[in-house]
Amino acid sequence: MGEKKLNIEELSIWDDAKQMLRKAERDGIETAWDRLQQQSPHCKFGESGVCCRICTMGPCRISKKAPRGVCGADADVIVARNFGRFVTGGAAGHSDHGRDCIEALHAVAHGETEDYSIKDEAKLLRIAEEVGISTKGREPLDVAKDLAAEFFENYGTTKNELSFIGRVPEKRRELWANLGITPRGMDREIAEMMHRTHMGCDNDAANTMLHAARTCLADGWAGSMIATEVSDILFGTPSPRKAQVNLGVLKEDQVNILVHGHNPIVSEKILEAVNEPEMIALAREKGAAGINLAGLCCTGNELMMRNGIPMAGNHLMTELAIVTGAVELIIVDYQCIMPSLVQVGSCYHTRMVTTADKARFTGAEHVKFQMDNGMEQARKVVRMAIDRYDLRDQARVEIPQGPVDIVTGFSNEAILQALGGSLTPLIEAIKAGKVRGVVGIVGCNNPKYKHDYCNVNLTRELIKKDILVIVTGCVTTAAGKAGLLVPEAIDQAGPGLQEICGALGIPPVIHMGSCVDNARILQLCAMLANELGVDISDLPVAASSPEWYSEKAAAIGTYAVASGIYTHLGHPPNITGSELVTNLVLSGLDDLIGACFVVEQDPFKAANLIDERIKSKRTALGLAA
Ligand code: SF4
Ligand code: MSK
């Protein structure tokens, strides 16, 4: 444990989290908050981005006394290279997830699996037509073969154009072309960033930063966008439905299974398996009342959006979910999974199961999921969970009570449907100032913040100002727990938003999915801009990631900015050691690209900054501020 006793009241805004933090303390469980204390204070060189480990003439650390590394690289070059590699890690994560989705589509199309199928045939045909594949008179599986092949091309270097480039407003495409940042292929931009940042390559900080933007654009408009669209084709396009959030969704008398990670390829199969009568009968034989499946983080978002499966918690709740003592098994794929879950699980009876060869955890059991064995493996994992029910020590079980209701499932298709088939009602509401703007609040938790304080307060402040909020990723759970994802939350919104959301019967905070689903927000912005004949940077829209932590969140922020969306961060990336890079990110990009980052930890001040930006965009469009 850390040197100083943690003040639990200060760690999270949630009762379920605080209850479990007290239990963790009693049970002698170490959490991320304890380890943050052990790691503090953080290394200032690392924090400001001026530590370079790119070659073995170093590592080098830049200071007043030593302003250049052994090779002669200065702080600007080192910071830009570190940032470039940082966001490239995130872009690689999303786009590799996207590639896994295409492989699934390819396997379905070629009859290589009976475990997966096409759930949304209409979307398959619509997307195929959009990217130039003829569908007339063809079998859907035949079309799917071509679509998978087309999407694979987004990863290579021969096509040099993304499938969804046609979605990008004309003015934005011209701007990218002029700056030389039109994304070509995912793998190409990622490999080029690694090449550029090798010792002795790109030693111009601004040039490296532009390639960072290009790499992230490939993520937003290809890697993530393909992941989202193919997931909809394979598992169904989300539509509005009810669900519940917080640790109260765990059941004392049932076998509890948690799914954690990002890709629905694993979690959807687990969902099917837990609903099979033989599995339920098996659980009953063991004395359980049934099998309860709940989600964590983004795979939780995916299951919730499409199936209404309850969400146990976001990033900082993942260890605490196990501390309930009621979780038999946690099954993961990849991204945002704390390695500590194995240790926390071993203090109870919780088994951790990994499924992807690219994301194994020492101490966890590996059950490899492949296209041709998904269902068989899912049944195996569910049986493992049922077998562990006997091992549960009911005396150590403590489940916080009172799950909160939410409404989820707002894909762009669902939004259009709610609007009566076109964006016109939303555009009219924006013009009339009833919806003054739209802000996507996305991303993570970070133990450096009071858990979800900024996520929730920023959301509340913006809806008060008649700004429609869209949430994805771990902010979803925060907004849901705060009671903001239900139509009744219009009581907390400004009068204009109250009127519009009230008439449509939708919440003032709309849940649009997981991390990769931020591509849905990009698409919505593009649709609005195209409808109005302007660039995305002209719209009264913004993005925010108040409590972000991951490379992926930084990549999302970077593609948002490069797409023309003003983006707020609660804290800066590790770039403050370079004035040049910091100024570029916080203001220079605005001149170059029509948007920039803004950093503000206080959610109330951040809401005002975003509001000012929205006012200026409205005024420029000739609308009342
Ligand atoms: Fe040092 Fe240059 Fe090597 Fe970086 S690339 S570790 S600054 S010598
Ligand atoms: S899971 S990237 S903690 S949102 Fe997508 Fe949550 Fe952030 Fe991971």
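Whatever order the structure lists them in is the order used to number ligands and atoms, beginning at 1.
- A side chain to side chain donor-acceptor pair (under 3.5 Å) check over residues 67-82, counting only residues at least two apart or in different chains, returns the pairs D76-S578.
- Of the possible donor and acceptor atoms, one in the side chain of Y155 sits under 3.5 Å from a partner among the backbone N and O of S95.
- Counting only residues at least two apart or on different chains, the side chain to side chain donor-acceptor pair (under 3.5 Å) pairs with a member in residues 47-66 are K44-E47.
- Using the six-membered ring where Trp is involved, H571 and W548 have ring planes that are parallel, under 30° apart on the 30 and 60° scheme.
- For the 3.5 Å distance criterion, the side chains of S224 and D219 qualify, holding a donor opposite an acceptor.
- Here the CD1-NE2 distance, from I265 to H97, works out to 7.0 Å after rounding to the nearest 0.5 Å.
- A cation-pi arrangement is absent between K448 and Y549 under the rule of less than 6.0 angstrom and at most 45 degrees off the ring axis.
- Taking 2.8 Å as the limit, the number of protein N, O or S atoms around atom 8 (Fe) of ligand 2 is 1.
- Counted within 6.0 Å of NZ on K450, heavy atoms from surrounding residues, nucleotides or ligands total more than 12; the atom is thus considered enclosed.
- By the criterion of a separation under 2.8 Å, the protein N/O/S atoms near atom 4 (Fe) of ligand 1 amount to C52 SG.
- For the pair V87 and T215, the minimum side-chain heavy-atom distance is 4.5 Å or more.
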